[in-house]
Amino acid sequence: MNVSSTETTNSVSHFILMGFPSSPEMQLLYFALFSVVYTLTLMGNAAIVCAVQWDRRLHIPMYIFLGNFSLLEICYVTTTVPNMLANFLSTSKSISFVSCFIQFYFFFSFGCDEGFFLCIMAFDRYLAICHPLYYPRIMTKQLYTGLVIFGWSCGFILFLTPVVLISQLPYCGPNTINHFMCDPVPLMLLSCSEDTTTQFIYSTFNAVFMIGTFLFILCSYALVIVAVLRMPSAASKHKAFSTCASHLAVVTLFYGSIMVMYVSPGSGHPVQVQKIVTLFYSVITPFCNPLIYSLRNKEMKTALRKVFGMEIPVHKI
């Protein structure tokens with residue numbers, strides 16, 4: 001048991017992240033596999049950010065939100081994967097107490113920001129499809145700039161409370177986390193005392209945030225679908241549905257997995273299931289998002305061809 005030499009109430013100085021226990025050969029295979037996935041994730045999302053930045057035709061709210069969402073995905077995946085890759089090559093697999101909670105804070109703050117950006121993107125599509133005549137007057141530069149700032153900042157403000165509460169729990173050993181990241185559920189289970197108040201606040205926070213944002217997105221798209229079905233032209237219906245299909249696919253991937261894990265941390269999911277579900281929304285979803293958005297969007301595909309073909313316009317933005 002690895003604990004600090006000073007026997008205090010909160011004596012754990014670092015945690016051991018078990019990750020995916022296996023033979024050294026399998027650890028190297030995992031390292032190679034996730035290195036490739038991480039590199040492709042960075043490249044795919046960075047390509048979308050560059051496409052939105054360099055192509056004037058994409059300087060509209062829908063693509064500005066998408067560019068920020070892709071940049072957010074880069075930050076989100078970087079909070080966990082580099083440390084996971086280092087642990088595949090490490091024998092100690094340790095992370096300091098402070099670093100553990102810093103990872104916890106940034107991972108879940110960026111995760112909250114993703115939820116807010118998905119709401120913002122749903123709101124944008126609602127305005128564009130349900131109120132097309134008023135859209136340019138409503139979605140002004142001031143409004144979409146404010147929404148971008150709101151999307152980036154809210155997660156960092158809201159997640160301060162859960163992180164501070166969980167970090168103040170007494171940790172006196174053991175210090176081994178059967179996970180590849182500092183997840184709050186196993187962290188709370190390692191505490192010397194069972195603080196039901198902290199667990200309740202954390203569960204309530206997650207439930208309100210996830211259910212609230214999910215319902216907002218569902219309501220937005222319910223109104224969009226009703227508006228699309230009323231369109232007289234089949235071509236207009238197809239165009240409207242195609243712009244929403246990729247967003248709905250990302251919403252399904254993101255919310256489908258996190259709701260299983262974090263609405264009720266006391267539900268006792270098996271450890272392997274926890275790892276797989278966490279891996280899905282923290283690594284696989286950011287990897288898939290660039291493919292989902294680029295394959296179903298003609299303007300984005302054209303812009304990405306310019307990026308990879310180095311046909312970059314030299315105008316100033």
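Of all non-hydrogen atoms in L190 and N175, the two that sit nearest each other are CD1-C, 4.2 Å. Shown here for P82 and T78, the closest heavy-atom pair between the two residues is CD-O, 3.2 Å. The two atoms that bring S92 and I16 nearest to each other are O-CD1, 3.7 Å, heavy atoms only. Nearest heavy-atom pair, V77 versus S282, reported as atom, atom and distance to 0.1 Å: CG2-O, 3.5 Å. Minimum heavy-atom separation, L58 to A51: CD1-O, 3.6 Å. Minimum interatomic distance between V251 and F214 (heavy atoms only, all atoms of both residues): CG1-CE1, 4.2 Å.
W152 and F117 have perpendicular rings, their planes meeting at more than 60° on a 0 to 90° scale where under 30° would count as parallel. Using a 30° and 60° split on the angle between ring planes, F88 and F34 fall in the parallel class, below 30°. A perpendicular orientation is assigned to the rings of F108 and F104, their planes being inclined by more than 60° (bins at 30° and 60°). Relative ring orientation between F123 and F216 is described as tilted, the plane-to-plane angle lying within the 30° to 60° band.
In this structure the side chain of L158 reaches within 4.5 angstrom of the side chain of F116, judged on heavy atoms. You'll find the side chain of R125 reaches within 4.5 Å of the side chain of M62, heavy atoms only. Proximity of Y221 to Y126: side-chain heavy atoms (C-beta onward) are nowhere separated by under 4.5 Å. Considering only heavy atoms from C-beta on, M181 stays 4.5 Å or farther from N83 through its side chain. Residues F65 and L147 meet the side-chain proximity criterion, which asks for heavy atoms closer than 4.5 Å. The shortest distance between side-chain heavy atoms of V81 and V283 falls below 4.5 Å. A 4.5 Å side-chain heavy-atom check between N289 and S70 finds every atom pair outside the cut-off.
Expressed to the nearest 0.5 Å, how far CG of D195 lies from CZ of F200 amounts to 12.5 Å. The distance from the OG atom of S193 to the OH atom of Y171 is 9.0 Å, given to the nearest 0.5 Å. Note that the CZ atom of F15 and the CG atom of L187 stand 5.5 Å from one another [nearest 0.5 Å]. For the atom pair CG (L29) and OG (S23), the distance works out to 9.0 Å, reported to the nearest 0.5 Å. Note that the NE2 atom of H179 and the NZ atom of K275 stand 7.5 Å from one another [nearest 0.5 Å]. Between the CZ atom in F159 and the CG atom in D113 there is a gap of 11.0 Å [rounded to 0.5 Å].
Cluster annotation: L218 and L118 are assigned to the same hydrophobic cluster (Ile/Leu/Val/Met/Phe/Trp/Tyr, side-chain heavy-atom contacts under 4.5 Å, transitive). Residues L28 and Y30 share a single hydrophobic cluster, defined by chaining ILVMFWY side chains whose heavy atoms lie under 4.5 Å apart. By the criterion of side-chain heavy atoms lying less than 4.5 angstrom apart, applied directly or through intervening Ile, Leu, Val, Met, Phe, Trp or Tyr residues, M139 is grouped together with F150 in one hydrophobic cluster. One hydrophobic cluster, built from ILVMFWY side chains closer than 4.5 Å, cannot hold both I276 and F280; they sit in different ones. Residues L160 and F107 share a hydrophobic cluster, clusters being chains of Ile/Leu/Val/Met/Phe/Trp/Tyr side chains in contact below 4.5 Å.
Less than 6.0 angstrom separates the ring centroid of F20 from the ring centroid of F180. For an aromatic pair to be called close, the ring centres must be under 6.0 Å apart, and F101 with F97 satisfies this. Ring centers of F106 and Y76: at least 6.0 Å apart, outside the cut-off.
A donor-acceptor distance shorter than 3.5 angstrom exists from the side chain of S167 to the backbone of V164, with no hydrogens or angles considered. Counting only distance, with no hydrogens or angles, the side chain of S90 and the backbone of A86 share no donor-acceptor pair below 3.5 Å. With hydrogens and angles ignored, the 3.5 Å screen pairs a side-chain donor or acceptor of K93 with a backbone N or O of N87. Under the 3.5 Å distance criterion, the side-chain polar atoms of H14 are left unmatched by any main-chain donor or acceptor of V98. With T213 contributing its side chain and M210 its backbone, the two residues share a donor-acceptor pair below 3.5 Å.
Using a 3.5 Å distance cut-off with no hydrogens or angles, the side chains of Q103 and T79 do not pair a donor with an acceptor.
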Stepwise, does the side-chain contact (heavy atoms from CB on, under 4.5 Å) test hold for Y38 with F287? CA-CA 8 Å; Y38 180 56; F287 170 72; over 6 Å; no
Between C172 and C192, does a disulfide (SG to SG under 2.5 Å) hold up when you go through it step by step? CA-CA 6 Å; C172 47; C192 301; 1.7 Å; yes
After noting the C-alpha distance and the side-chain angles of L253 and I292, does the key distance pass the side-chain contact (heavy atoms from CB on, under 4.5 Å) rule? CA-CA 11 Å; L253 286 173; I292 294 171; 3.6 Å; yes
Should D124 and I120 be marked as a side-chain contact (heavy atoms from CB on, under 4.5 Å) after you check the CA-CA gap, both sets of side-chain angles, and the distance that decides it? CA-CA 6 Å; D124 176 69; I120 291 168; 5.5 Å; no
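Sorted pairs that involve residues 41-50 and meet side chain to side chain donor-acceptor pair (under 3.5 Å), not counting sequence neighbours, are lacking altogether.
Here the two cysteines C112 and C154 have their SG atoms 2.5 angstrom or farther apart.
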